[in-house]
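Read through the structure below, which is laid out as structure tokens, and then see the notes.
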Amino acid sequence: EAAVTQSPRNKVAVTGGKVTLSCNQTNNHNNMYWYRQDTGHGLRLIHYSYGAGSTEKGDIPDGYKASRPSQENFSLILELATPSQTSVYFCASGDAPGRNTGQLYFGEGSKLTVL
Amino acid sequence: GDQVEQSPSALSLHEGTGSALRCNFTTTMRAVQWFRKNSRGSLINLFYLASGTKENGRLKSAFDSKERYSTLHIRDAQLEDSGTYFCAAEATSSGSWQLIFGSGTQLTVMP
């Protein structure tokens with residue numbers, strides 16, 4: 001069974017503060033993704049990675065950084081959090097070869113509230 | 001415009017009844033996935049289809065790449081089926097296949 005775990009599951013931050021969302025996968029998948037999901041929208045891609053040391057900008061990368069220090073871990077970093085970044089964030093890993101998304105396995109989500 | 005159009009945006013069903021969700025695509029997609037976001041906020045994989053149909057319990061999904069649509073049928077709906085359902089399709093982007101999500105269908109199953 002694919003396993004993707006996120007932490008924290010819930011976070012309240014203040015405007016201007018730094019927030020780090022962590023994701024760990026035990027699937028040995030090369031590709032990992034960070035999405036945000038807002039009411040009335042599908043999931044939107046923020047950053048992704050093809051393997052350790054790689055990070056790529058997704059569709060809405062502004063205000064976010066990412067870090068992939070190892071195959072298993074992929075972090076999303078908000079250096080200066082803003083209220084517009086209040087959302088639910090999902091991490092996923094993918095089993096497709098190369099730069100294809102393929103079938104994704106999601107974590108349980110991290111709810112971030114920026115006051 | 002959006003490459004993935006999901007409908008309806010909201011749906012109410014009584015227990016025991018059924019209905020279908022649909023995603024239309026504006027371009028050829030390689031595969032489609034269906035997810036459910038449950039009350040705890042978790043995204044659950046339902047189906048991954050490159051073609052044809054798949055069935056799992058009371059859920060059945062179809063994907064027609066040529067006709068550019070996918071459907072998710074729910075029969076004998078139960079209270080625990082409530083949640084937001086998303087389709088996501090693989091479209092080409094800069095030489096690779098990337099997922100594009102529909103905007104979701106909020107399903108409410110009533111007693």
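Here is the naming used below: chain letters follow the sequence lines, and residue numbers restart at 1 for every chain.
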Connected via hydrophobic side-chain network under 4.5 Å: B:L49 and B:I74: yes
query: Is it true that B:L72 and B:M29 fall in one hydrophobic cluster, defined by side-chain heavy atoms closer than 4.5 Å?
result: yes
query: Partners of B:R36 by side chain to side chain donor-acceptor pair (under 3.5 Å), sequence neighbours excluded?
result: none
- prompt: A:Q37 versus chain B, heavy atoms under 4.5 Å apart: side chain, backbone, both or neither?
  reply: side chain
task: Treating Ile, Leu, Val, Met, Phe, Trp and Tyr as nodes and any side-chain heavy-atom pair under 4.5 angstrom as an edge, say whether A:L112 and A:F106 lie in one connected cluster.
output: no
Hphob cluster co-occupancy, A:L80 + A:I60, side-chain heavy atoms under 4.5 angstrom: no
query: Got a donor-acceptor contact below 3.5 angstrom from the B:Q33 side chain to the A:L104 backbone?
result: yes
- prompt: Under 4.5 Å, heavy atom to heavy atom, which residues of residues 75-87 of chain B contact chain A?
  reply: B:F86
query: Among residues 98-111 of chain B, which ones touch chain A with a heavy-atom distance under 4.5 Å?
result: B:Q98, B:L99, B:F101, B:G102, B:S103
message: Using heavy-atom distances under 4.5 Å, tell me whether A:R44 contacts chain B through its side chain, its backbone, both, or neither.
response: neither
task: Identify whether B:L43 and B:W34 are in the same connected component of the hydrophobic contact network (ILVMFWY, side-chain heavy atoms under 4.5 Å).
output: no
Sequence neighbours excluded, every pair satisfying disulfide (SG to SG under 2.5 Å) that has a member inside residues 52-88 of chain A: none
